[in-house]
Amino acid sequence: EKYALPLRDVNDADAIRSKLIKNICDAQIPGIAESEKRKKLQFVVVGGGPTGVEFSGELSNLVKEDLMKMAPGVSSSIQITIIEARDILGSFNPDLRLYAENILNKSGVQIVKAMVK
């Protein structure tokens, strides 16, 4: 819970939004160390199921469409990563999985195949 936020309901979504806004604001503080800025702007989604894929895509859209206008210096530093043990959207049709993976890659979302303990 110290480093991760669940996404199960509206209250969780509000907590994630608050954390995102806080990190983005903190990253704009003059004089912040580059290493600290990178930490604050690296977002990792564990799980490539429907929720993780949709969240990552929406976060990428937020960065590209809204933050690019409001905070261009920060938006270019944001990294979004999905960690999934197998293929994203594993229970879906293979064509849909490939399509989603291509769209996420084009939007700058990195997909990492790994197990999280």
Side-chain angles (χ1 to χ4, degrees):
E1 298 272 334
K2 181 178 177 184
Y3 298 106
L5 299 170
L7 180 54
R8 294 187 187 98
D9 58 33
V10 174
N11 291 329
D12 293 344
D14 282 340
I16 291 170
R17 182 184 65 199
S18 295
K19 184 70 172 175
L20 285 169
I21 291 169
K22 180 182 182 329
N23 282 6
I24 290 165
C25 290
D26 288 352
Q28 296 180 79
I29 295 172
I32 186 170
E34 192 61 34
S35 61
E36 188 64 24
K37 182 178 177 179
R38 277 194 308 270
K39 281 186 205 175
K40 293 195 173 290
L41 298 177
Q42 185 171 1
F43 303 106
V44 178
V45 176
V46 179
T51 303
V53 167
E54 182 175 1
F55 178 80
S56 299
E58 289 299 323
L59 181 56
S60 177
N61 286 341
L62 172 73
V63 170
K64 290 190 179 315
E65 294 175 11
D66 298 326
L67 285 181
M68 203 60 134
K69 297 172 192 163
M70 296 184 303
V74 171
S75 65
S76 61
S77 300
I78 292 177
Q79 290 184 299
I80 304 166
T81 304
I82 297 177
I83 298 177
E84 174 56 49
R86 295 193 174 95
D87 295 322
I88 62 166
L89 301 175
S91 62
F92 287 72
N93 175 298
D95 292 336
L96 182 59
R97 291 194 309 249
L98 184 59
Y99 175 77
E101 189 170 334
N102 288 335
I103 293 294
L104 288 170
N105 285 329
K106 284 180 186 175
S107 67
V109 176
Q110 181 182 13
I111 300 170
V112 175
K113 293 184 181 182
M115 297 289 289
V116 178
K117 294 182 180 183

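Below, all heavy atoms of this structure are taken into account, side chains as well, without hydrogens, waters or symmetry copies.
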Any idea which heavy atoms bring Ser77 and Lys37 closest together, and the distance?
-> OG-CE, 4.0 Å

More than 12 heavy atoms of other groups within 6.0 Å of Glu54 CD | no

Check whether Val45 and Leu5 end up in the same hydrophobic cluster, where Ile, Leu, Val, Met, Phe, Trp and Tyr are linked by side-chain heavy atoms less than 4.5 Å apart.
-> yes

With rounding to the nearest 0.5 Å, note down the distance linking CD in Glu58 to CD in Glu65.
-> 8.5 Å

Shortest non-hydrogen contact from Gly49 to Leu89?
-> C-CD2, 3.7 Å

Rounded to the nearest 0.5 Å, how far apart are CG of Leu7 and CZ of Phe55?
-> 6.5 Å

Any donor-acceptor N/O pair, Ser107 side chain to Ile103 backbone, under 3.5 Å = yes

Nearest heavy-atom neighbours spanning Val109 and Ser56 = CG2-O, 3.9 Å

Output for pair (Ile24 CD1, Leu41 CG), nearest 0.5 Å, gives 7.0 Å

State, to 0.1 Å, how close Ala27 and Lys40 come at their nearest heavy-atom pair, and which atoms those are.
-> N-CD, 4.3 Å

Could you give me the CA-CA distance, side-chain angles and deciding distance for Leu104 and Ile88, then say whether side chain to side chain contact (heavy atoms under 4.5 Å, CB included) is met?
-> CA-CA 10 Å; Leu104 288 170; Ile88 62 166; 3.8 Å; yes

Heavy-atom pair with the smallest gap, counting every atom of Gly73 and Ser76 | O-OG, 3.6 Å

In Å, rounded to the nearest 0.5 Å, how long is the span from CD of Gln42 to OG1 of Thr81?
-> 5.5 Å

Please tell me if the side chains of Met68 and Val63 come closer than 4.5 Å, counting only heavy atoms from C-beta onward.
-> no

Rounded to the nearest 0.5 Å, how far does CZ of Arg8 lie from CG of Asp12?
-> 6.5 Å

Check Ile78 against Ile80 and note the closest heavy-atom contact, atom names and distance.
-> CG2-CG1, 4.1 Å

Is it true that atom CE of Met70 has more than 12 heavy atoms of other residues, nucleotides or ligands lying nearer than 6.0 Å?
-> yes

Hey, what do you get for CG (Asp26) to CD1 (Ile32), rounding to the nearest 0.5 Å?
-> 6.5 Å

With Asp87 via side-chain hydrogen bond (donor to acceptor under 3.5 Å, both in side chains) - residues at least two apart = Lys113

Establish whether Val53 and Leu96 are linked, either directly or via other cluster members, by ILVMFWY side-chain heavy-atom contacts under 4.5 Å.
-> yes

